[in-house]
There are 2 protein chains.
Amino acid sequence: MPAAIVPKDEVLDRLAQAFRENGYDGASIARLSEATGLGKASLYHYFKGGKQEMAAAVLGHVGGRFSNMVIAPLRGTGQPARRLRAMSAGLNDFYSQGRSSCILDLFGIGQAGELFRPQLKGAIHRFKNALGDLLREAGLDQTDAETKAEDAIVALQGALVVSRATGDRSVFHRVLEE
Amino acid sequence: MPAAIVPKDEVLDRLAQAFRENGYDGASIARLSEATGLGKASLYHYFKGGKQEMAAAVLGHVGGRFSNMVIAPLRGTGQPARRLRAMSAGLNDFYSQGRSSCILDLFGIGQAGELFRPQLKGAIHRFKNALGDLLREAGLDQTDAETKAEDAIVALQGALVVSRATGDRSVFHRVLEE
DNA sequence: GTCTATAAGCAGATAGAC
DNA sequence: GTCTATCTGCTTATAGAC
């Protein structure tokens, strides 16, 4: 069995980008085909469950990238303040300096929301725990740490929405400095 | 010319709800027809510009409701702290206790974003100014007031996204107490 | 594993009767 | 002002050749 012409990770990256630009409903198979450079039938060869499976695979893939770029720095061994800065840098890269929408936002809408809510909930939970643990390590008590962690995630999501709506990414950059 | 069977405000309310539940792309004409109780052709009689005009009309209608329920209390005459609480109550109603997504989020996505960005930007600007003016009146300097106002809008949008993604509206309620 | 061709159905939108 | 019926094109998805 010969290797695929395009590595699956690359395909998933491009699918993710297309979903992030258009949302679940707006990302038609034709667009996904164009974004990946694969014909429609090839996409269905990769993802036999169709668009829904493509989205699920993207969710897993993006979750993995998030773990590497954001969660891992938080779970590292340096000083808390330093790890927090590493997380900010990771978020900045992950969201392309605020240009990319978050899948947690897009996949929460409409029918997609019903399909993927458990995964979205899990992703938020993991992020909140990682950040909360770090804040506890930095000296906050359990309740404060959880609240602050949740606030940070809320601010991040809000900044992405406002940045997209205004076309002005300065909000995203400012919020990243919390 | 006899009156319409359903008042236009009622039609707009129902269209708004359908758009908020499904997003711009997810809200098909068939769904909008069902949501309003009007046949497709009747919808096109009201909105000759089709779906795009329906969305634009919803944007204007919802903007008006937001002015009444949220901006007006901020611009009132009582004490700043009291007006702030009135705003919170208005937001709680406007977003149905966190159950409704914000049009600023949904209409920022994909093609809809390109169509409506100016209106979205304007709406955020008006909210930020009203809130900033109140904060200045409460004693903050210009820069702080603007920053805090923006932070509040960011937190509100983020809370709505996180509430929708997790299905847990407690985040929305907590953030409303800032 | 990729492609072209095509099926079946839904999308947005319109015509014309009442 | 509302409806049924319809048009056209795009949607998801599949069949089958290479």
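Convention: sequence-line order gives letters A, B, ...; per-chain numbering from 1. Worth saying up front: this structure is predicted, and the values here are computed from it rather than measured.
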Open item on the list: Does any part of the side chain of B/Ile103, heavy atoms only, come nearer than 4.5 Å to the side chain of B/Leu59, both counted from C-beta?
Closed with: yes
Task: salt_bridge(A/Glu150, B/Arg174) N-O dist < 4.0 Å - done: yes
Open item on the list: Tell me which residues in residues 11-28 of chain B lie within less than 4.0 Å of DNA chain D, going by non-hydrogen atoms.
Closed with: none
- [ ] Could you tell me whether B/Arg83 and B/Glu137 make a salt bridge, using a distance below 4.0 angstrom between a side-chain N and a carboxylate O?
- [x] yes
Open item on the list: Expressed as a whole number of angstroms, how long is the span from A/Gln111:CD to D/dT12:C1'?
Closed with: 12 Å
TODO: Give a yes or no on whether a salt bridge exists between B/Lys121 and A/Asp168, defined as a side-chain N under 4.0 angstrom from a carboxylate O.
DONE: no
Protein-nucleic acid N or O pairs under 3.5 Å, nucleotides 13-18 of chain C:
from: C/dA13; atom 1: OP2; to: B/Tyr44; atom 2: OH; distance (Å): 2.9
from: C/dA13; atom 1: OP2; to: B/Lys51; atom 2: N; distance (Å): 3.0
from: C/dA13; atom 1: O5'; to: B/Tyr44; atom 2: OH; distance (Å): 3.4

Open item on the list: From CD of B/Glu34 over to P of C/dG12, roughly how many Å is that when rounded to an integer?
Closed with: 14 Å
Open item on the list: For the backbone of A/Gly98 and the side chain of A/Ser96, can you confirm whether one donor and one acceptor N or O come within less than 3.5 Å of each other?
Closed with: no
TODO: Identify whether the distance between the nearest side-chain nitrogen and carboxylate oxygen of A/Arg75 and A/Asp133 falls below 4.0 Å.
DONE: yes
Open item on the list: Rounded to whole Å, how long is the line connecting atom CZ of A/Phe47 with atom C1' of D/dT14?
Closed with: 17 Å
TODO: Mind calculating the distance between NE2 (B/His45) and C1' (D/dG1) to the nearest angstrom?
DONE: 5 Å
- [ ] Flag the pair B/Arg136 and B/Asp144 as a salt bridge only when some basic side-chain nitrogen lies within less than 4.0 angstrom of an acidic carboxylate oxygen.
- [x] no
Task: Side chain of B/Ser42 - closest among D/dC3, D/dT11, C/dT2 - done: D/dC3
Open item on the list: Can you list everything that forms a ring-ring contact (aromatic ring centres under 6.0 Å, His included) with B/Phe47? Sequence neighbours excluded, please.
Closed with: none
Task: Nucleotide D/dT12, atom P - distance to CG of A/Leu43 in whole Å - done: 11 Å
TODO: Take the protein atom CZ of B/Arg31 and the nucleotide atom P of C/dA11, then report the distance between them rounded to whole Å.
DONE: 7 Å
